[in-house]
Every structure is written in C-alpha cells, then in structure tokens.
Amino acid sequence: MTSPHAPSSAGPAWPPRGQFLSTVGLFIFVVLAWSLNWVVMKLAVADVPPLWAVTIRTAMAVAVLLPALLATRQLALPPRGDWSIVLVIALFHMVAFAALMTAGLTLVPAGRAIVLGYTTPLWVAPAAFLILRERVTARQAAGIGLGMAGLLLLAGPGAIDWSSRPAVLGHALPVLAALCWSVSIIAIRAHRWTATPLQLLPWQCCIATVVLAALAFLVEGPPPMRIGTPALLALAYNGVIGTALGYWAMTVVNRRVPAATAALGVLVTPAVGIGLAAVILGEGPDLGLILSAAVIMAGVAIGQGPRAVPPPASRWED
C-alpha cells in the first residue's frame with residue numbers, strides 16, 4: 001500500500017473532462033438527497049429511538065444493495081487491500097456520523113443540526129494539507145475562515161444557553177459527527193482502491209448495521225416492535241436514497257476531486273436543509289441560523305472560486 005502522503009495514490013486532482021458533468025450531477029444528487037435525509041430522519045426519531053432508527057435505515061440499504069449487486073453480477077467480497085477503507089467508512093461515516101447526527105436531532109431543530117453537522121470542511125482542509133499534502137489555496141483558506149465565523153455565530157456564547165445540558169449536547173453531537181466524517185473523507189482520498197465504491201458499499205453497510213444494532217441494544221434496549229407508517233416511510237427513504245445511493249455517490253465524488261473541494265461543496269446541503277425543514281417540519285425562521293448559513297454559503301462561494309481546467313488524468317473506473 002502506498003503512503004497516505006502521496007497524492008498520486010488517491011487519484012488526480014480533478015476528473016477527466018468527460019466525467020466532469022457526471023461528477024457535478026452526482027454532487028447535486030448528494031446535496032438534495034442528504035438535505036432531505038435529515039429532515040425526514042427528524043420525523044423518524046419522533047417514533048423510533050435514534051440508534052435503532054439509524055440501524056433500521058442501514059439494514060434497509062443492505063436489503064436493497066445485496067440483491068441489486070447480485071443481479072448485476074457485481075457482488076464479491078472486498079479485496080484484501082480494500083478492507084481498511086471498508087472499515088473506516090463503515091465505522092466513521094455510517095456509524096459515528098449517522099448516529100451522532102441522529103442523536104443531535106432529538107435535542108435541537110433539524111435545520112440547526114444540519115448546519116452544525118456539515119461543518120466538515122473546517123476540519124478536512126487542514127487535515128488534507130497535513131496528511132495528503134493537498135495545497136490549501138488562498139480562496140479555500142478564506143472560505144474556511146468564513147465557515148468558522150458562521151459556526152461561531154450559530155454556537156457562540158450568545159447563541160445558545162450554555163447552562164442547559166441538552167442544548168450544549170445537541171450542538172456538540174453534530175460537530176463531533178462532522179469530525180468523524182472528516183476522517184472518512186481523508187481516508188478515501190489517501191486509499192489506493194482496487195474494487196469500486198459500489199462493490200464495497202454493501203459490505204460497509206453490513207458492518208455498520210451489525211455495529212449499530214449492538215450499540216442500539218446496549219444503549220436503548222430491544223428494538224421497537226411497532227413503527228408508525230410515517231416513520232417507516234422516512235426510514236425507507238433514508239435507507240434507499242440517503243444511504244444506499246447517497247453514500248455511493250459521495251464516495252465517487254470524494255475519489256474524483258480534492259478533499260477540501262468535496263467538503264466545501266457539500267456545505268450547500270445545510271442551506272437546502274434549512275429550507276426543507278421550514279417547509280416540511282414547520283420550523284420557524286431563526287435569524288441567527290439564517291445568518292450563519294449565509295456566512296457559510298459565502299465561504300463556499302469564495303472557497304470554490306472559478307474552476308481551473310482539469311489536467312490530463314488516468315482513467316477512472318467507478
């Protein structure tokens with residue numbers, strides 16, 4: 001296995017020209033799917049304990065992925081060299097990020113949890129510079145700075161009641177989730193892939209389901225025996241669209257673009273999520289939340305900047 005410090009092992013800085021549009025399309029899909037994902041999950045946790053909710057949705061993803069890959073003759077055990085990335089994505093993204101975010105949803109409004117959970121670029125870009133030796137441009141540094149300012153507006157000393165344990169925990173859990181997601185993003189960029197993201201996805205989901213089920217049983221007791229129709233539909237959406245298709249699409253994007261770029265782009269998700277939470281959940285307008293999201297979005301615009309012409313690159317097989 002090549003050193004994680006060698007950017008060449010993680011792929012080119014940008015996908016070839018012919019794949020640029022497909023990368024953008026996958027990015028848009030991820031943003032829309034995950035924006036609705038956490039709004040829908042807010043409905044699910046009203047009826048199902050948070051850890052069991054994540055467990056059930058991940059098990060549903062397994063139920064979709066295994067037969068689909070078997071039918072298309074793509075189902076195979078991960079190669080030995082890919083087991084490390086399978087474990088990292090399963091444990092840090094599918095288990096830690098999802099469980100912490102879902103627990104946070106039980107304590108704070110969905111829009112606020114989404115914004116906090118998608119502060120990932122604040123942690124990814126410095127780590128990518130230190131570990132992957134990916135250059136952080138002046139635009140990206142400015143974007144990260146604005147993102148940090150937006151985070152301070154949202155969770156600063158005057159924004160929440162720091163004497164309230166639920167309020168502090170509700171804000172801390174999504175931020176911790178963002179840190180866990182950043183570990184997954186860095187690992188994806190550093191890993192030298194053998195199988196494709198789609199071939200590895202069902203095994204990631206299987207491992208995540210087992211770990212989540214064990215945690216749920218230890219923390220929340222036996223699984224719920226009855227689940228209402230709204231919660232069941234919410235979990236089905238989360239399992240198929242948010243997990244099975246969303247994780248695959250995001251893994252492909254992470255392989256094709258620099259880590260800091262991928263993380264900055266996904267910050268569009270909170271803005272869309274705030275709007276969906278207002279429409280679907282009836283969450284009233286929160287001026288502080290809107291202002292912080294606007295500052296973060298400004299950071300995204302500055303951090304992305306004009307796209308450079310991609311250099312020649314090797315073939316990608318996703």
Side-chain angles (χ1 to χ4, degrees), residues 24 27-42 97 100-101 104-105 107-126 128 136-162 167-168 170-179 181-182 185 242 246 250 253 257-307:
V24 173
F27 226 147
I28 292 172
F29 169 78
V30 169
V31 168
L32 293 176
W34 285 357
S35 297
L36 184 57
N37 204 35
W38 296 110
V39 174
V40 169
M41 185 58 90
K42 181 75 172 182
F97 175 79
L100 291 168
M101 277 291 292
L105 284 172
L107 300 171
V108 296
R112 186 169 287 264
I114 292 171
V115 172
L116 290 168
Y118 283 83
T119 56
T120 306
L122 304 181
W123 328 116
V124 167
V136 178
T137 67
R139 282 183 175 273
Q140 287 175 331
I144 293 166
L146 278 178
M148 182 66 76
L151 177 61
L152 292 175
L153 283 172
L154 186 63
I160 63 174
D161 180 6
W162 286 88
V168 173
H171 286 74
L173 289 175
V175 173
L176 185 56
L179 285 167
W181 187 6
S182 70
I185 291 176
M250 192 63 222
V253 169
V257 303
T261 301
L264 279 169
V266 172
L267 269 184
V268 176
T269 302
V272 180
I274 291 171
L276 291 173
V279 173
I280 297 173
L281 302 177
E283 294 185 357
D286 183 332
L287 294 180
L289 178 61
I290 294 172
L291 178 59
S292 66
V295 171
I296 290 173
M297 288 303 300
V300 172
I302 292 174
Q304 295 287 58
R307 179 181 175 271

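Applying the side-chain hydrogen bond (donor to acceptor under 3.5 Å, both in side chains) criterion to Trp34, with sequence neighbours excluded, gives no partner residue.
Taking 4.5 Å as the limit, some side-chain heavy atom of Ile280 sits within range of a side-chain heavy atom of Leu36. Counting heavy atoms from C-beta on, the side chains of Trp123 and Val175 come closer than 4.5 Å.
A pairwise comparison of heavy atoms in Pro174 and Ala113 identifies CB-O, 3.7 Å as the closest pair. Scanning both residues, Val30 and Gly246, for their nearest heavy atoms gives CG2-O, 4.0 Å. Nearest heavy atoms, Ala110 versus Leu281: CB-CD1, 3.7 Å. Taking both residues in full, the closest heavy atoms of Leu173 and Gly104 are given as CD1-N, 3.9 Å, listed atom of the first, atom of the second, then distance. In terms of heavy-atom proximity, Gly273 sits nearest to Val39 at O-CG2, 3.8 Å. Nearest heavy-atom pair across Ala277 and Gly111 is CB-N, 4.1 Å.
Judged as a side-chain hydrogen bond (donor to acceptor under 3.5 Å, both in side chains), the pairs with a partner in residues 170-179 (not counting sequence neighbours) are, in order, Arg112-His171.
Rounding to the nearest 0.5 Å gives a distance of 15.0 Å between NZ of Lys42 and CG of Leu276. Distance check, rounded to the nearest 0.5 Å: CE of Met101 to CG of Leu116 gives 8.0 Å.
Ring pair Phe97/Trp38 is perpendicular by interplanar angle, where above 60° counts as perpendicular and below 30° as parallel.
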May I have the list of side-chain donor-acceptor pairs in residues 287-294 shorter than 3.5 Å, sequence neighbours left out?
{"residue": "Ser292", "atom": "OG", "partner": "Gly288", "partner atom": "O", "Å": "3.3"}
{"residue": "Ser292", "atom": "OG", "partner": "Leu289", "partner atom": "O", "Å": "2.8"}

Handout entry: Trace of the side chain to side chain contact (heavy atoms under 4.5 Å, CB included) decision for Ile114 with Val272
Key = CA-CA 10 Å; Ile114 292 171; Val272 180; over 6 Å; no
